[in-house]
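To start, the structure itself, in structure tokens.
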Amino acid sequence: MEMIYMDTFDRLLSMPSRIRVRFTLAQLRALEAVVRNAGFTRAAEELHLSQPTISIQVKELADALGTPLVESSGRKVVPTAAGEEVLSCARRIFDEWAALEMRLAELKGLKRGRLRLAAVTTAEYFLPGLLGPFTAKHAGIEVELAVENRDRVVERLEAGRDDLYVMMMPPERADLALAPFLANPLVPVAARRHALAGKRRVPLEAFAAEPLLMRERGSGTRMAAEAFFAERGVSPTARMELGSNEAIKHAVAAGLGVAVLSRHTLPRDPSRDGLAVLDVRGFPLKRTWYFVYPAARRLPVVARAFLEFALSEAAGR
Ligand code: PGA
């Protein structure tokens, strides 16, 4: 009886120190990356480490646990049954760790940090509505918001200049994380007193026959409208190119032509700006706003907090 008690007691006493020396977070991250990428080379690239370092980390973890964690299957590296167990535990540890980082940052008065955002011009109509309450909640945060057209925002994304990007037409790249968060209907607009205003089910050809006011090249709104017209085989007559949504709205209201704009650029009652949303067949174009960032990049705490805030706000709308 005494023996059993002593044995249990011994084991309990020695456990914490044994766990401490048995593994490191870096080893768990290496294992996770190797399995997700099905190989050592890509995992090493992703973690910015050398391939031998990754192999050693995974091997040391396997040695410490006394069982192989990965094996090869053809040219791929796959987890063993034990590896699966370790991974599922590792993922829970990572989640806990991320939550802990967040709580610690909160304790420091969330986030005397900086939120670096780049958004397409059309997003300027709703982004302040998200940034306002977020910064009110976290007064220590400084926001840097760059507002440019779609192509410029994509350039910033390629150069990694910001933490988070807001756009409707993300580049087609497999290495980007996309978080859709809000509908972005694109609507045909004309002056309030235009002949097509108030007409029902206007044929697309009739709309395309009107002089069209276009955004500048590089605008996502323009890309989406051009793609739609091309798909339908209609070629509208572009009358003028203007560099902003506001310039287009004023020109349309002044009767210079019609345009395709995001519904977000218009007030609830467009007639307040002298405009009317037309009922044209094929419209509205149903597009979506996305938060975009490189999937391999761990978002800084402030950016992650803003992303979560924006997604939950959008879900509640
Ligand atoms: P933009 O925005 O027309 O201002 O470029 C639309 C988008 O690309 O999301």
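Just so it is clear, the model here is predicted, and its values are computed rather than measured. Only heavy atoms go into these numbers, but all of them, side chains included; no hydrogens, no water, no symmetry mates. Start at 1 and go down the list; that is how both ligands and their atoms are numbered.
The shortest side-chain heavy-atom distance between Thr288 and Asn184 does not fall under the 4.5 Å cut-off.
Between the side chain of His250 and the main chain of Asp273, no donor-acceptor pair closer than 3.5 Å is present. Using a distance-only test at 3.5 Å, with no hydrogens or angles considered, no donor-acceptor pair links the side chain of Tyr165 to the main chain of Pro170.
In this pair, Phe291 and Phe306 present their aromatic rings perpendicular. The plane angle is above 60°, beyond the 30 to 60° band.
Residues Leu186 and Met167 share a single hydrophobic cluster, defined by chaining ILVMFWY side chains whose heavy atoms lie under 4.5 Å apart.
For residues 199-248, the ring-ring contact (aromatic ring centres under 6.0 Å, His included) pairs, not counting sequence neighbours, are Phe207-Phe283, Phe228-Phe283.
At a heavy-atom cutoff of 4.0 Å, ligand 1 is surrounded by Val120, Thr121, Thr122, Asn149, Arg150, Met167, Met168, Arg215, Ser219, Gly220, Thr221, Trp289.
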